[in-house]
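Please read the structure below before turning to the comments.
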Amino acid sequence: MPKKQLRIGLIGYGFMGRTHSNAFRKVNNFFDLDYQPVLKAVCARDAQNAGAFAAQWGYESIETDWRDLIARADIDLIDIAAPNNVHAEIAIAAARAGKMILCEKPLSMDGPEGKTMVAAVEKARVPNMVWYNYRRVPAVTLAKQLIDEGRLGRIFHYRAKFLQDWTISKDLPQGGAGLWRLDAKVAGSGVTGDLLAHCIDTAIWLNGAMDKVNAMTETFIKERKHNLTGKVEKVGIDDACAFLARFSNGSLATFESTRYARGHKALYTFEINGEHASIFWDLHDLHRLQYFDHRDEGRVRGWRSLHITDGDHPYMKNWWVPGLQIGYEHTFVHQIADFLAGLAKGKIPGPTFKDALETQYICDAVLKSARTGRWEKVPKAK
Ligand SMILES: NC(=O)c1ccc[n+]([C@@H]2O[C@H](COP(=O)([O-])OP(=O)(O)OC[C@H]3O[C@@H](n4cnc5c(N)ncnc54)[C@H](O)[C@@H]3O)[C@@H](O)[C@H]2O)c1
């Protein structure tokens, strides 16, 4: 049977442009699907760079204005891999044009903006998804299965961290290519929207809704030169954020993120403690899940280090043979595989725009609490 073509228009050729392109190219080699992505066009403002990217990754054509890309009749799906401040405008225009949309995280600059994006995709009834890719690390997907099977029992604690160290130098400028994450006007927020958004998405997927939060943030370096204006300007992002949370299931949580933890590059970890069992996961060792079950026979009870490479582990039968692990880029392959399978079935799996709006509301509540110094309730997205 010939596969149905899904003609992709990618916006942004940076870090995520590469992970998505890699996933589009590989997915049909490893997953048996009715749909096949076709790399129709890449859009970036610089024609020369877009051309070089298109040649390297096999895109058929380029555009230099995303509006022209959206206007093309030969594009079925718009994939937004550009910085946060352009997600909403592009997504809303794409929805109005009837295109399917894959959007990078965080969904939007804030909750109210995200709400307009959800309204646009719902009005247009276009399939949509947000690239919170950590849900599709096989070990994290297995954690979800174990929790849903009730193996942990009642959950008491959720503990997450995302630590980096790349902005410690006070001489690092803000703004422009590669450094837009330090510019609040482009990023929306600092570590809260960039890193904690990932931790929050995983947490609400694994542990359900969050009711209220109490946060503190800090901007350690208050002024930095702006690359686009050449002037020293106030820094508007949160360099670090830590917050307490209460989940609807009664569990207590702590979340912490910073770009000032010397020695850590992308240390995303979470631990969940339940009545019967606990789970620990670490991005630096992403193919392992640490599992402790109190019901094990006493003499051999202890933390088990599960190597998530067997055919009965999530996604793994599609890859190599048991014992051989996969990595970061595969999470994007899994996400597009699930999207394409969902398209064939007429039901797109999460995280949809609406799911991602929930994370956005939590980020807003966290930043509000850091300003007010009080517990803040999380508005409901659904
Ligand atoms: N899912 C994840 O784990 C993950 C990881 C990194 C980044 N992200 C998200 O992906 C998005 C992009 O981040 P990145 O690290 O790839 O950034 P990047 O700086 O590497 O690339 C951004 C790209 O967007 C392009 N761009 C900027 N403005 C544009 C415009 N108006 N029109 C067309 N192209 C434009 C830039 O030229 C560049 O090619 C962000 O929203 C970020 O939060 C997600």
Side-chain angles (χ1 to χ4, degrees), residues 12 14-16 82-89 104-114 159-201 203 210 212-245 253-269 283 359-378:
F15 175 20
M16 285 302 111
N84 311 347
N85 63 327
V86 293
H87 291 185
E89 200 185 1
E104 257 308 337
K105 51 57 61 180
L107 177 66
S108 52
M109 298 286 274
D110 56 28
E113 189 184 74
R159 220 168 280 118
K161 283 184 198 151
F162 206 139
L163 310 180
Q164 299 185 334
D165 72 353
W166 63 280
T167 64
I168 293 178
S169 168
K170 64 179 177 8
D171 299 325
L172 190 74
Q174 58 173 317
L179 292 168
W180 60 264
R181 281 180 176 76
L182 283 86
D183 182 353
K185 290 191 286 301
V186 178
S189 66
V191 295
T192 301
D194 193 35
L195 304 177
L196 283 174
H198 275 301
C199 303
I200 293 166
D201 175 74
M210 207 184 281
K212 49 185 175 175
V213 297
N214 194 333
M216 59 180 171
T217 57
E218 185 55 66
T219 305
F220 295 117
I221 311 283
K222 312 276 186 215
E223 292 185 325
R224 292 181 186 273
K225 191 179 130 205
H226 200 292
N227 267 335
L228 301 181
T229 64
K231 293 189 192 130
V232 173
E233 292 183 17
K234 196 168 168 232
V235 174
I237 60 157
D238 42 300
D239 286 333
C241 176
F243 73 94
L244 306 175
T254 61
F255 290 80
E256 184 193 358
S257 185
T258 179
R259 296 185 183 130
Y260 288 71
R262 186 60 90 195
H264 293 303
K265 304 302 168 190
L267 189 75
Y268 175 15
T269 58
L283 174 58
T359 295
Q360 213 63 50
Y361 282 151
I362 294 169
C363 290
D364 284 6
V366 164
L367 294 168
K368 184 174 177 193
S369 166
R371 288 192 301 273
T372 62
R374 288 197 300 261
W375 281 92
E376 295 294 343
K377 279 182 79 167
V378 177

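As the structure is a prediction and not an experimental result, all values here were calculated from the model. Values reported hereafter were calculated over all heavy atoms of this structure, with side chains retained and with hydrogens, waters and symmetry mates removed.
Taking 4.5 Å as the limit, some side-chain heavy atom of N85 sits within range of a side-chain heavy atom of M109. At least one side-chain heavy atom of W180 sits less than 4.5 Å from a side-chain heavy atom of N84.
In this view, E376 and K368 satisfy the salt bridge (charged side-chain N to carboxylate O under 4.0 Å, His left out) rule, not counting sequence neighbours.
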Report task. Any chance you could lay out the salt bridge (Lys or Arg N to Asp or Glu O under 4.0 Å) test for R181 and D194, step after step, and finish with the verdict? Result -> CA-CA 8 Å; R181 281 180 176 76; D194 193 35; 3.3 Å; yes

Report task. Evaluate the criterion side-chain contact (heavy atoms from CB on, under 4.5 Å) for residue pair I200 and Y361; output intermediate values, then yes/no. Result -> CA-CA 10 Å; I200 293 166; Y361 282 151; over 6 Å; no

Requested in this report: In sequence, state the C-alpha distance, the side-chain angles, and the governing distance for I237 and V235, and then conclude on side-chain contact (heavy atoms from CB on, under 4.5 Å).
Outcome: CA-CA 6 Å; I237 60 157; V235 174; 3.6 Å; yes

Query raised in the report: Could you walk me through whether L196 and C363 pass the side-chain contact (heavy atoms from CB on, under 4.5 Å) check?
Result: CA-CA 8 Å; L196 283 174; C363 290; 5.7 Å; no

Query raised in the report: When you look at Q174 and H226, which way does the side-chain contact (heavy atoms from CB on, under 4.5 Å) test go after all the steps?
Result: CA-CA 5 Å; Q174 58 173 317; H226 200 292; 3.8 Å; yes

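Of the candidates L228, V232, L179, L182, L179 is the only one forming a side-chain contact (heavy atoms from CB on, under 4.5 Å) with P173.
For the pair K212 and W375, the tightest heavy-atom approach, listed with the atom from each and the gap, is O-CZ3, 3.7 Å. The heavy-atom pair separating T359 from A197 by the smallest distance is CG2-O, 3.6 Å. In terms of heavy-atom proximity, A365 sits nearest to V378 at CB-CG2, 4.2 Å. K170 approaches I221 most closely through the heavy-atom pair CB-CD1, 3.8 Å. Considering every non-hydrogen atom in both N214 and G373, the closest pair reads OD1-O, 4.4 Å. Here the shortest heavy-atom pairing between A82 and V86 reads CB-CG2, 3.6 Å.
Using modelled atom types, one finds no donor on one side chain facing an acceptor on the other under 3.5 Å when comparing D239 with T219.
The line from OG1 of T258 to CZ of F162 is 12.0 Å long, rounded to the nearest 0.5 Å. Taking CG of L195 as the reference point, atom NZ of K161 lies at 14.5 Å (rounded to 0.5 Å). Put simply, OG on S108 and CG on D364 are 7.5 Å apart, with the number rounded to the nearest 0.5 Å.
A salt bridge links K265 and D165; the closest N-O separation between the charged side-chain nitrogens and carboxylate oxygens is under 4.0 Å.
Judged by distance alone, with hydrogens and angles left aside, the side-chain atoms of D110 form a donor-acceptor pair with the main-chain N or O of E113 at under 3.5 Å. Judged by distance alone, the side chain of D238 and the main-chain N or O of A240 form no donor-acceptor pair under 3.5 Å. Side-chain atoms of H87 come within 3.5 Å of backbone atoms of P106 as a donor-acceptor pair (strictly under, hydrogens ignored). Looking at N227, its side chain never comes within 3.5 Å of a backbone N or O of G176 through a donor-acceptor pair.
In the displayed structure, K105 atom NZ is contacted under 6.0 Å by more than 12 heavy atoms of other residues, nucleotides or ligands.
Applying the salt bridge (Lys or Arg N to Asp or Glu O under 4.0 Å) test to pairs two or more places apart or on separate chains, those with a residue in residues 217-235 are E218-K222.
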